[in-house]
2 protein chains.
Amino acid sequence: MTDHLLSKGARGRPRRFDPNAALITGRALFHTHGYEALGIAAITEALGIRPASFYAAFGSKAAYFERIAEAYVAEVLPLEAFFRDDCPIVDSIAELLGEAARTYTTCSDQAGCLVLEALRADRSGEGRRIAMRVAQIRREKLQAFIARGAPAVAFIATDVVTVTMAGMSAAARDGVSCVCLEQVAAVATVGLRSLIEGSA
Amino acid sequence: MTDHLLSKGARGRPRRFDPNAALITGRALFHTHGYEALGIAAITEALGIRPASFYAAFGSKAAYFERIAEAYVAEVLPLEAFFRDDCPIVDSIAELLGEAARTYTTCSDQAGCLVLEALRADRSGEGRRIAMRVAQIRREKLQAFIARGAPAVAFIATDVVTVTMAGMSAAARDGVSCVCLEQVAAVATVGLRSLIEGSA
DNA sequence: TAAATTATGTAGCGATCAATCAATAAATTC
DNA sequence: GAATTTATTGATTGATCGCTACATAATTTA
C-alpha cells in the first residue's frame with residue numbers, strides 16, 4: 001500500500017502521495033475537463049497536495065499531461081489487438097470502429113477520446129502539440145497495419161478511419177448514444193469495404 | 001463608405017467604427033483562434049477600438065460570437081442549396097460532403113467549420129453553449145431534409161453525415177488536404193448510398 | 001549526531017482574462 | 001446656446017492562469 005513511499009535507497013523526505021495514482025486521477029480529470037480548462041489548482045486539490053509538490057513530481061502541467069496521454073493510447077483501443085494477419089483488414093477496422101463507439105460512450109462525463117478531444121480543444125498551446133504528436137504516431141501505426149492488407153488504398157483508408165473516429169469522439173462528447181455510434185461505424189465500414197475490396 | 005456613421009436620426013456621438021465590418025473581422029479571428037483562445041484584447045486591437053467601445057456595441061464576447069456564428073451557418077454550406085426535391089437524397093448528401101471538403105480547406109489558417117471547432121474547443125463555457133445550439137438547429141434541419149427522401153433511415157443517416165462532417169472539420173484543422181477529404185467524403189457516400197437504397 | 005538530500009507548506013510572482021467605471025467628446029434636439 | 005444622448009478614452013477591477021522562491025520537515029548516509 002505504501003511501498004512507493006519506502007522504496008529502497010530513497011534519500012530525502014519521502015513523498016506523501018503516489019505519483020502513479022496521481023496519473024490515474026489526472027487522466028480522469030483531463031478526460032472530463034480537457035487540457036486547457038483543467039487548472040493546476042483543480043489538479044492539486046483533487047490530489048490533496050500543494051502546487052509545489054505537483055511541480056516537484058511532474059515538472060509541468062504539459063509533462064504531466066504527456067505522460068497521461070501516452071499511457072492512454074497504449075491502453076485504450078490498442079491497434080495491435082485489432083489487426084491480426086489471419087483476419088481481413090476490413091474486419092479489423094470494423095471491430096476497431098465498433099469498439100470505439102462503445103469505448104467513447106462508456107462514461108458520459110468522460111466521453112470521446114482523451115487525445116482527440118484534447119487535440120481539438122487546443123488551437124496552439126502545449127496541449128495541442130502533445131496530442132498532435134501522440135495522434136500522429138498512432139495514425140502512422142494504423143496506416144502500417146492497413147497497408148499490410150490493402151496497400152493500394154492504405155492512405156485513403158487511414159484517412160477514412162481517422163475522420164470517422166474523430167467524428168465519433170466529437171459526437172460522443174455531444175451526447176450521441178452508443179447504439180447510434182455503432183450504426184455510424186457500420187455504415188462507415190460499408191464504404192471502407194467497397195474501397196478495399198475494389199482495390200484487390 | 002461612412003454611411004453607417006451618419007445614419008438618419010442617430011442622436012449622440014457617432015461610432016468611429018462599422019459594427020458590420022467588426023463582425024466580419026471577428027469571424028476570421030474566431031475561425032483562426034477559436035472562442036476561448038481569442039481574447040477581448042486581441043479583438044479590440046484588431047478592430048482598432050478600446051474594450052469599452054466593444055462592450056457598448058456588442059454587450060459581451062459571447063453575444064458577439066453568437067451573432068457571428070449565426071451569420072456563419074446561414075452563409076456557409078447552406079442546406080437549402082443542397083437539398084432539392086428533384087434530386088436523390090444521396091446525391092444531395094454527396095454534394096454537401098464534397099463541398100464541405102473544399103470549404104473546410106480553402107484557407108489553411110481558418111480550416112474546418114467555425115461552429116464545429118468552437119463546439120469542440122469549449123468544454124463547458126458560453127462558447128460551447130452557443131455553438132451547441134447553432135449546431136443542433138442545423139442538425140434538425142438536415143434530418144428534416146433527409147427524411148423527405150429516406151424517412152426510414154433519416155436519423156441514422158443524419159448521424160453519419162454529422163459525424164463525417166465533424167471528422168472532416170477536425171482533419172482539415174490538422175492539415176489534411178482537400179483531395180484527401182474529398183476522397184473521404186466519397187467513401188462515406190458509398191456507405192450512405194447502401195444505407196438509403198437498402199431502405200427504399 | 002552532523003551533513004546531505006528531498007518533499008512539503010506558505011505565500012506570492014507576473015501575466016492575462018472578461019468586463020467596467022468615471023470622465024470626456026461629439027453629435028442631435030429643444 | 002443649453003440640455004440630452006451616445007460613444008469615446010484611459011485606467012482599472014477582481015479572478016484566475018501556470019509556476020516558483022523560500023523556509024521547514026523528514027528521511028538517508030557518514
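Quick note: numbers below take in every heavy atom, side chains included, and nothing from hydrogens, waters or symmetry partners.
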Any side-chain N or O of [X] less than 4.0 Å from the OP1 or OP2 oxygen of [N]?
X: B:Arg16; N: D:dA7; answer: no
X: A:Ser53; N: C:dT8; answer: yes
X: A:Tyr55; N: D:dC19; answer: yes

Over how many whole Å does the gap from [X] atom [atom1] to [N] atom [atom2] extend?
X: A:Phe54; N: D:dC17; atom1: CZ; atom2: C1'; result: 14 Å
X: B:Ile40; N: C:dT16; atom1: CD1; atom2: C1'; result: 12 Å
X: A:Glu126; N: D:dG18; atom1: CD; atom2: P; result: 13 Å
X: A:Leu47; N: C:dG9; atom1: CG; atom2: P; result: 12 Å
X: B:Phe65; N: C:dA19; atom1: CZ; atom2: C1'; result: 19 Å
X: A:Arg50; N: D:dT24; atom1: CZ; atom2: P; result: 18 Å
X: B:Glu45; N: C:dA18; atom1: CD; atom2: P; result: 14 Å
X: A:Asp122; N: D:dG18; atom1: CG; atom2: P; result: 11 Å

- Message: Between A:Glu66 and A:Arg133 (salt bridge meaning N to carboxylate O under 4.0 Å), is one present in this structure?
- Response: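 Yes, charged N to carboxylate O under 4.0 Å.
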- Item | Residue closer to the 5' end of DNA chain D, A:Ala41 versus A:Pro51 (nearest nucleotide) |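 Nearest nucleotide further toward 5': that of A:Ala41.
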- Cation over ring face, B:Lys61 and B:Phe54, 6.0 Å, 45°: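 No; the conditions do not both hold, so B:Lys61 does not lie above the ring face of B:Phe54.
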- Item | Pi-cation contact, A:Phe155 with A:Arg139 (under 6.0 Å, within 45°) |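 Yes; both conditions hold, so A:Arg139 lies above the ring face of A:Phe155.
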- Note on the structure: Quick tally for nucleotides 1-6 of chain C: nucleotides whose base has a protein heavy atom under 4.0 Å get B, sugar-phosphate-only ones S, the rest -, giving ---SBB
- Item | Side-chain cluster (under 4.5 Å, hydrophobic types only) that A:Ile24 belongs to, other residues |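 ILVMFWY cluster around A:Ile24 holds nothing else.
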- Message: By the definition side-chain contact (heavy atoms from CB on, under 4.5 Å), identify the one residue from B:Ile130, B:Val76, B:Val134 that meets it with B:Val115.
- Response: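 When side-chain contact (heavy atoms from CB on, under 4.5 Å) is applied between B:Val115 and each of B:Ile130, B:Val76, B:Val134, only B:Val134 qualifies.
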- List for me each residue that meets side-chain contact (heavy atoms from CB on, under 4.5 Å) alongside A:Gln110, sequence neighbours excluded, and say none if there are none.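 Scan of A:Gln110 (side-chain contact (heavy atoms from CB on, under 4.5 Å), adjacent residues dropped) gives A:Ala28, A:His31, A:Thr32, A:Cys107.
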- A:Ala52 side-chain proximity, nearest of D:dT20, C:dA19, D:dC19: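 Out of D:dT20, C:dA19, D:dC19, the nucleotide with an atom closest to A:Ala52's side chain is D:dT20.
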- Just compare D:dC19, D:dT8, C:dT10 and give me whichever is closest to any side-chain atom of A:Lys61.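 Given the options D:dC19, D:dT8, C:dT10, the side chain of A:Lys61 is closest to D:dC19.
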- Item | Main-chain N/O of A:Met165 paired with A:Ser169 side-chain donor or acceptor, under 3.5 Å |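 Answer holds: no.
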- Identify whether any heavy atom of B:Ile43 sits under 4.0 Å from a base atom; if not, whether one sits that close to sugar-phosphate; answer base, sugar-phosphate or nothing.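 The answer is nothing, as B:Ile43 stays clear of every strand by at least 4.0 Å.
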